[in-house]
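Notes for the one structure printed next.
Chain A is the first sequence line, chain B the second, and so forth, proteins listed ahead of strands; every chain is numbered from 1. Note that the coordinates shown come from a computational prediction; the quantities given were computed from them, not determined experimentally.
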Amino acid sequence: MPEGPSIIIAKEDIAGFAGKKVIDASGLAKIDFDRLENKVITDIRSWGKHLLICFDDFTIRIHFMLFGSYLINERKATNTNPSLRLTFDDSELNFHTSSVKLLEGDIDTHYAWDEDIMNDAWDAEKAVEKLKKVPDKLVCDALLEQDIFAGVGNIIKNEVLYRVRIHPESKVGKLSKAKTHELIEEARNYSFDFLKWKKAGVLKKNWLAHTKKICKRCDLPIIKEYTGVKKRRSFYCTNCQVLHS
DNA sequence: GATAATGTTAGCAT
DNA sequence: AATGCTAACATTAT
């Protein structure tokens, strides 16, 4: 579930619930469920990896973490309790293994939409400026910063770095201006390929680096290593990807 | 059946 | 006080 493009799919899947009134709300999440009852959903939105169910004066923020899932008019066969269940007069929404929070007031005060890699308002220049402030940060960590690239996750990270031929342990400040722009451009571009391929059920088939053993470009082994302060899996080719240090 | 994985944060230690 | 690291959480495919 977790990366930005998957959240777009979730948003589209539940878009039809806008306008519906919550009859009952329950679940394992530690929120005030009473608050939701008899409230009408005004909008379904997203920011990065956050799925947002908006009401007049507050918003439910759902984060799927690593294992989250949602079911529409369906319940888990395992009979496990959802983090959140929203009941409507003719339908039901179940969110499992999710972090659920209520955000008070106008949702625009909580999010800068131009930080979301999937949003029409995405502002590449803003990302450039933020990267300038962290020259010593490794590229593999920078791409995962939700403050800079909201929605980018580990798969996107690996595929983007492979595509633009940058070694994950390169320092942000060592990239040329052109290379920095290329990186940012591709972060967004691949995210939309991810969306397209996930919808078509061919996401994994199109991976070039992530979980791969052999580089498709040069036939040499793909290195698997936990990199950066975030210590997330990186898959890269030392022959094709340049270390800027 | 053990292991690792698309992620984040609370809480503890320094 | 601010910063940094680890443990914790929870599910599923391999």
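Spacing between atom CH2 of A/Trp47 and atom P of B/dG7 amounts to 14 Å, rounded to whole angstrom units. Here B/dT3 presents its C1' atom at 14 Å from CG of A/Leu66, a figure rounded to the nearest Å. Whole-Å rounding puts the A/Tyr70 OH to C/dT11 C1' distance at 17 Å. Rounded to whole angstrom, the span from the CD atom of A/Glu3 across to the P atom of B/dT6 amounts to 8 Å. Rounding to whole angstrom units, CG of residue A/Asn79 and C1' of C/dA10 are separated by 17 Å. Nucleotide B/dG7 holds its C1' atom 11 Å from the CD1 atom of A/Ile7, rounded to whole Å. Computed from coordinates, the A/Asn81 CG to C/dC9 P distance equals 17 Å when rounded to whole Å. Separating the NZ atom of A/Lys230 from the P atom of C/dT6 is a distance of 14 Å, rounded to the nearest angstrom.
Between B/dT6 and C/dC5, the distance separating the two C1' atoms is 23 Å to the nearest Å. The gap from the P atom of C/dA10 to that of B/dG11 amounts to 15 Å, rounded to the nearest Å.
Both A/Leu102 and A/Phe55 are members of a single hydrophobic cluster when ILVMFWY side chains are connected at heavy-atom separations under 4.5 Å.
Both A/Lys231 and A/Lys204 lie close to DNA chain C; mapped to their nearest nucleotides by heavy-atom distance, the more 5′-ward contact belongs to A/Lys231.
The residue A/Lys198 sits apart from the nucleic acid: no heavy atom pair falls under 4.0 Å. Counting non-hydrogen atoms under 4.0 angstrom, A/Lys224 reaches the backbone sugars and phosphates but no base.
Side-chain atoms of A/Glu185 and A/Val164, non-hydrogen and from C-beta on, never get closer than 4.5 Å to each other. Side-chain contact between A/Met65 and A/Pro2: absent, with no pair of heavy atoms (C-beta onward) separated by less than 4.5 Å.
For the residue pair A/Asp120 / A/Trp113, no side-chain donor-acceptor distance below 3.5 Å is found, with atom types taken as modelled. Judged purely by distance below 3.5 Å, without hydrogens or angles, the side chains of A/Ser46 and A/Lys11 pair a donor atom with an acceptor atom. A donor atom on one side chain and an acceptor atom on the other are found under 3.5 Å apart for A/Arg61 and A/Ser99. A/Lys179 and A/Ser170 share no side-chain donor-acceptor pair at under 3.5 Å.
With the 3.5 Å cutoff on both pairing distances, Watson-Crick and G-U pairs in DNA chain C assemble into runs of at least 3 at B:2-5 with C:11-14, B:7-14 with C:2-9.
For the side-chain hydrogen bond (donor to acceptor under 3.5 Å, both in side chains) condition, the pairs that include at least one residue of residues 134-144 of chain A, sequence neighbours left out, are A/Lys137-A/Glu145.
An OP1 or OP2 oxygen of B/dT6 is reached within less than 4.0 angstrom by no side-chain nitrogen or oxygen of A/Ser6. Distances shorter than 4.0 Å separate some side-chain N or O of A/Tyr226 from OP1 or OP2 on B/dA5.
In this pair, A/Phe64 and A/Phe95 present their aromatic rings tilted. The plane angle is within the 30 to 60° band.
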Might you list the N or O atoms of the protein lying below 3.5 Å from N or O atoms in nucleotides 8-11 of chain B, with each pair's distance?
from	atom 1	to	atom 2	distance (Å)
B/dT8	OP1	A/His63	NE2	3.1
B/dT8	OP2	A/Lys49	NZ	3.2

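Taking every side-chain heavy atom of A/Lys76 into account, C/dT12 is the closest of C/dT12, C/dA10, B/dT6.
In the displayed structure, A/Glu225 atom CD is contacted under 6.0 Å by more than 12 heavy atoms of other residues, nucleotides or ligands.
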